[in-house]
Asks: 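The structure's right below; bear with me while I get my questions together.
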Amino acid sequence: MGTQLVMYEEEFTKINAVCDRLTKDANAKVVFLVDKNGQLISSAGQTQNIDTTSLASLTAGNVAAMGGLAKLIGENEFPHQFHEGAKDSLYMTIVGSRVVLVVIFDNRTSLGLVRLRIKKASDELTKIFESLVKKTDGPGVGSPFAEISDDDIDNLFSE
Amino acid sequence: MSFINYSSREINCKIVYYGPGLCGKTTNLQYIYNKTAAETKGKLISLSTETDRTLFFDFLPLSLGEIRGFKTRFHLYTVPGQVFYDASRKLILKGVDGVVFVADSQVERMEANMESLENLRINLAEQGYDLNKLPYVMQYNKRDLPNAVTVEEMRKSLNQRNIPEYQAVAPTGVGVFDTLKAVAKLVLTELKKGG
């Protein structure tokens, strides 16, 4: 089984900072970072009108489907995807083969600028996730759930 | 593959409903969606065909409450049951933490049940999972139909390992929450072990 994704305060702060900066530098509307399994990791920008949980799940579904297509034609994956809408467009990049960076933008910026800024953010995020994986695999990190009792679990279902 | 966030104190787990076409996977999710309080659920997303057959997946996020200060969230997915959507089914199993196998109790669907269960085993193995080691429960759905085979019969064909099993009538909700609770408990127990 693959390793589970564990996020710590230190890396979470760094990741949020990268997403915030990318939103500003690319003049984007929203930036999301999504785990390939569909879990939302971070978001920045005008997220208030967006169902972020659904977005994360559909992003993962889309990336998985495109990955399947890529393999059919002999590619490993399609690391970049661009979807152009009438008003808003969406750019997806696979980072460190583990997470997906999603940028939503409109005509106040350009695809070229978005791509340029994504490149830089993507490099930074790759480093952060590398250190995160090392930390998770390191000694002394147990599951926070190791301590829970059967009663704790039962209580969740008591109502 | 659960996602634990120490910073926002959240834990997210993925549960997949598997089974042959028209066995009631989507109906399970629809019932759960209709019967849970607005503040504990997100949107139910169904990627389906014009004839309401699941094309890619259904998705329902649910919050179960807190365990030791961690918000516990479950993401429920269904797979498309029709045989020719196998490529999509494989994708949805990625990162799964627990599986519900929904079996159709009708006698003429017994073969489809067995085929789908074998398909689940193969698709999991391709991703490095072993069904025998994964949190996994069985639901015998459509118990209200006159052509339903006996539970003993179903057990013999589908549940020789004697995993937790539930009888259900998904449209009216019989057994739906029992099944969900059972698999959620198994997933959390697995996490406790450090899974």
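Proteins get letters first, then strands, A, B, ... in listed order; numbering begins at 1 in each.
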Asks: Let me confirm one number: the OG1-CZ distance from Thr53(A) to Phe59(B), rounded to the nearest 0.5 Å.
Replies: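 Interatomic distance, Thr53(A) OG1 to Phe59(B) CZ, rounded to 0.5 Å: 6.5 Å.
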
Asks: Heavy-atom distance under 4.5 Å to chain A: side chain of Glu10(B), backbone, both or neither?
Replies: neither

Asks: Give, as side chain, backbone, both or neither, the part of Leu40(A) having an atom under 4.5 angstrom from any heavy atom of chain B.
Replies: backbone

Asks: Roughly how far apart are Ile41(A) CD1 and Ser7(B) OG, rounded to 0.5 Å?
Replies: 12.5 Å

Asks: Using a 4.5 angstrom heavy-atom cutoff, name the option from Ile92(B), Ile67(B), Asp97(B), Ile45(B) with the most pairs to chain A.
Replies: Ile67(B)

Asks: Report the option among Leu91(B), Leu47(B), Asn5(B) that has the most heavy-atom pairs separated by less than 4.5 Å from atoms of chain A.
Replies: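 Answer, by heavy-atom pair count under 4.5 Å with chain A: Asn5(B).
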
Asks: If hydrophobic clusters are built from ILVMFWY residues whose side chains come within less than 4.5 Å, do Leu5(A) and Leu101(A) share one?
Replies: yes

Asks: Would Phe105(A) end up clustered with Ile50(A) when hydrophobic side chains under 4.5 Å apart are linked, directly or stepwise?
Replies: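 No, because Phe105(A) and Ile50(A) fall into different hydrophobic clusters, even though each may have its own neighbours under 4.5 Å.
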
Asks: Is there a path of hydrophobic side-chain contacts, each under 4.5 Å between heavy atoms of I/L/V/M/F/W/Y residues, joining Leu90(A) to Leu58(A)?
Replies: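 In one cluster with Leu58(A): Leu90(A), no.
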
Asks: Closest heavy-atom contact between Ser57(A) and Phe57(B)?
Replies: OG-CE1, 3.7 Å

Asks: Within a radius of less than 6.0 Å around CD of Glu111(B), do more than 12 heavy atoms belonging to other residues, nucleotides or ligands occur?
Replies: no

Asks: Are Phe3(B) and Met7(A) packed together at the side-chain level, in the sense that at least one heavy-atom pair is separated by less than 4.5 angstrom?
Replies: yes

Asks: Mind checking whether Ile11(B) and Val183(B) sit in one hydrophobic cluster, side chains of I, L, V, M, F, W, Y counted as touching below 4.5 Å?
Replies: yes

Asks: Looking at every heavy atom in both Gly38(A) and Tyr77(B), which two are closest together, and how far apart are they?
Replies: CA-OH, 4.3 Å

Asks: At their closest point, which heavy atom of Lys43(B) faces which heavy atom of Ser54(A), and how far apart are they?
Replies: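 Closest approach of Lys43(B) to Ser54(A), heavy atoms only: CB-OG, 3.8 Å.
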
Asks: Chain A heavy atoms under 4.5 Å from Leu188(B): which part of the residue, side chain, backbone, both or neither?
Replies: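 For Leu188(B), the contact with chain A is made by backbone and side chain together.
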
Asks: When clusters are formed by joining ILVMFWY residues with side-chain heavy atoms under 4.5 Å apart, either directly or through shared neighbours, do Met114(B) and Met154(B) land in the same one?
Replies: yes

Asks: Tell me which of these, Lys94(B), His75(B), Lys14(B), has more heavy-atom pairs under 4.5 Å with chain A than the rest.
Replies: His75(B)

